[in-house]
Trainee: 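For reference, the structure I am asking about is given below.
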There are 2 protein chains.
Amino acid sequence: MTQNHPKFRREPAEHRRDALVLATLALIAEQGVRGATVRAIADRANVSQGMIRYHFSSKEDLISAAYAHHMSHMTNLTAAPNVPDGASAKVRLAAFVEAGLTSPVVDPGSVSLWASFLNKVREDARMRQIHEQTYHDFRDRLEALIADALNEAKITTTPPQLRHLAIACNAVIDGLWMEGGALPSAFQPGELPEIGLQSVGAIIGVELQDTGSQ
Amino acid sequence: MTQNHPKFRREPAEHRRDALVLATLALIAEQGVRGATVRAIADRANVSQGMIRYHFSSKEDLISAAYAHHMSHMTNLTAAPNVPDGASAKVRLAAFVEAGLTSPVVDPGSVSLWASFLNKVREDARMRQIHEQTYHDFRDRLEALIADALNEAKITTTPPQLRHLAIACNAVIDGLWMEGGALPSAFQPGELPEIGLQSVGAIIGVELQDTGSQ
DNA sequence: TCCGTAACTATGCAAGCGTATAATTAAAAA
DNA sequence: TTTTTAATTATACGCTTGCATAGTTACGGA
């Protein structure tokens with residue numbers, strides 16, 4: 001039996017790193033942190049477990065990379081909804097809120113993933129930095145949208161007021177997202193984005209409507 | 001050396017269970033789930049590690065008990081603020097919001113604790129039941145306060161509307177609580193309750209004021 | 001005062017963990 | 001082709017984990 005096929009293939013480092021990160025995220029989402037052992041991760045990525053220490057300096061390092069990947073992915077999903085060119089600020093804000101409160105952003109695995117990471121944020125400085133970075137990134141985008149919407153509605157605000165509005169709206173979105181992911185059966189389909197639009201609208205004083213983009 | 005003092009004391013089962021639960025909570029709050037090993041827990045509670053399996057059927061069982069304890073504790077802290085008898089519904093609602101957004105409810109350890117448990121909620125049915133129970137309990141109290149405040153302000157709502165308002169206000173509180181705990185340095189003292197009062201007020205359409213009870 | 005028993009401790013075990021290291025091998029360079 | 005080297009696997013080590021089990025001891029009832 002002459003085996004022609006090689007036992008493994010060499011891949012570019014970045015490709016392997018990505019595969020390991022993706023495997024890590026999938027495992028944590030499905031089984032929680034406990035399920036994400038080096039053996040399970042390597043298995044899921046179809047490599048031997050040595051690859052983790054070859055491509056990352058430690059398992060913690062891989063976890064950090066996975067966290068950064070997941071958070072930026074979620075921010076991107078929320079921040080880049082399908083909105084026509086030249087849409088009004090109000091519509092863009094509404095689309096942002098809706099995108100953050102529907103699938104695939106709202107998802108049990110996604111929330112579980114986020115909660116798993118939150119624990120490590122307290123211990124690990126690198127994780128904390130990623131956390132702060134992502135949080136502020138998300139909130140800044142939201143603040144810019146709110147500023148545009150208020151401007152459009154000819155409502156004037158001071159910077160501190162604007163900041164408070166952004167924090168508040170961010171909290172509503174985060175809270176609804178969390179509850180929707182942690183308790184999927186407690187809400188009807190479409191209920192979360194509806195409540196989100198009403199609440200954000202009430203907070204900033206501009207009525208937001210369903211963009212119908214879902 | 002005649003040792004008069006006994007090597008250990010016998011305690012009522014409930015007392016020991018409480019001590020183990022408290023030790024578990026303290027450890028998870030300080031060091032995350034990783035730090036809460038049977039040995040560390042027993043050590044903190046000043047008993048041998050066999051006590052965990054003696055008083056609980058497994059470590060998981062202890063964790064569940066700790067979760068239930070923590071959640072009901074937090075709900076009680078939020079729901080029973082120091083408010084004068086015969087206060088208006090508006091004031092009671094404001095006190096509720098404020099209590100949920102100040103120390104000791106807002107606290108890094110508390111959020112870390114909650115996040116640690118959230119992971120287990122997905123896997124374990126018992127944990128899920130505790131989670132749902134606590135969530136609905138908290139939200140129902142909030143909904144009752146909102147109903148009173150609206151009634152007082154002569155604003156009429158339908159039950160579904162009221163439900164939505166409660167979900168939204170709950171989300172703001174949860175979101176702010178979470179961010180305050182996860183990123184303590186990002187907010188000034190008193191900023192969180194202030195934003196909470198403004199937002200909840202805006203959502204239900206009743207202006208809420210600082211109760212000054214802090 | 002002396003049992004009886006249930007609360008409690010001490011000790012050990014098997015499994016799983018992250019990590020280290022040496023042996024392989026695919027694939028580019030010569 | 002042969003050589004080189006870096007990507008990859010294979011294997012093992014030391015440590016920690018939750019759990020089991022046998023032995024010990026406080027303490028109320030006889």
Trainee: Expressed as a whole number of angstroms, how long is the span from B/Met51:CE to D/dG23:C1'?
Mentor: 16 Å
Trainee: With sequence neighbours excluded, what pairs up with A/Glu11 under the salt bridge (charged side-chain N to carboxylate O under 4.0 Å, His left out) test?
Mentor: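 By the salt bridge (charged side-chain N to carboxylate O under 4.0 Å, His left out) rule, A/Glu11 matches A/Arg9.
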Trainee: Specify whether A/Trp114 and B/Trp114 have parallel, tilted or perpendicular ring planes, treating 30° as the upper limit for parallel and 60° as the lower limit for perpendicular.
Mentor: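 Ring orientation, 0 to 90° scale: perpendicular.
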Trainee: In whole Å, what is the span from the CD atom of B/Glu60 to the P atom of D/dT17?
Mentor: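 Distance check: B/Glu60 CD to D/dT17 P gives 15 Å.
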Trainee: Reading nucleotides 23-30 of chain C from the 5' end, what letters show protein touch, with B for base, S for backbone sugar-phosphate only, - for no heavy atom under 4.0 Å?
Mentor: --BBS---
Trainee: How many Å lie between NE2 on B/His55 and P on D/dC19, as a whole number?
Mentor: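 Going from NE2 in B/His55 over to P in D/dC19 covers 16 Å.
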Trainee: Let me confirm one number: the CG-CZ distance from A/Leu20 to A/Phe56, rounded to the nearest 0.5 Å.
Mentor: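 Rounded to the nearest 0.5 Å, the CG-CZ separation comes to 5.5 Å.
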Trainee: Distance from A/Lys59 atom NZ to A/Leu62 atom CG, nearest 0.5 Å?
Mentor: 8.0 Å
Trainee: Can you sort out the partners of A/Tyr135 under ring pair (Phe, Tyr, Trp, His ring centres under 6.0 Å), two or more places apart, ordered by chain and number?
Mentor: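 Testing A/Tyr135 for ring pair (Phe, Tyr, Trp, His ring centres under 6.0 Å), a comparison that skips the adjacent residues, returns none.
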Trainee: Return a single string for nucleotides 11-16 of chain D, one symbol per nucleotide in 5' to 3' order, where B is base contact, S is sugar-phosphate-only contact and - is none, cutoff 4.0 angstrom on heavy atoms.
Mentor: -B----
Trainee: Atom CD1 of B/Ile41 and atom C1' of C/dT9: how far apart are they, to the nearest Å?
Mentor: 18 Å
Trainee: Under 4.0 Å between a side-chain nitrogen and a carboxylate oxygen: does that hold for B/Glu30 and A/Arg122?
Mentor: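 No.
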Trainee: Can you list the residues that meet the salt bridge (charged side-chain N to carboxylate O under 4.0 Å, His left out) rule with B/Arg92, with sequence neighbours excluded?
Mentor: B/Asp148
Trainee: Taking only heavy atoms on the protein side, list every residue of residues 11-26 of chain A lying under 4.0 Å from any atom of DNA chain D, sorted numerically.
Mentor: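 Contacts with DNA chain D under 4.0 Å: A/Glu11, A/Arg16.
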Trainee: Can A/Asn119 and B/Ser116 be counted as having a side-chain donor-acceptor contact under 3.5 angstrom?
Mentor: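 Judged by distance alone, the side chains do pair up.
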Trainee: Would you call B/Arg141-B/Asp137 a salt bridge at under 4.0 Å N-O?
Mentor: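 Yes, charged N to carboxylate O under 4.0 Å.
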Trainee: In whole angstrom, what separates A/Asp43's CG from D/dA10's C1'?
Mentor: 14 Å
Trainee: Applying salt bridge (Lys or Arg N to Asp or Glu O under 4.0 Å) to B/Arg139 and A/Glu179, what does each step give before you reach the verdict?
Mentor: CA-CA 12 Å; B/Arg139 205 179 74 189; A/Glu179 285 151 19; over 6 Å; no
Trainee: Could you check how far OH of B/Tyr54 sits from P of D/dT21, rounded to whole Å?
Mentor: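 These atoms are roughly 16 Å apart.
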Trainee: Determine whether B/Asp43 and B/Arg39 satisfy the following criterion, salt bridge (Lys or Arg N to Asp or Glu O under 4.0 Å), listing intermediate values before the conclusion.
Mentor: CA-CA 6 Å; B/Asp43 220 48; B/Arg39 283 163 182 82; over 6 Å; no
Trainee: What integer distance in Å separates B/Asn46:CG from C/dC8:P?
Mentor: 13 Å
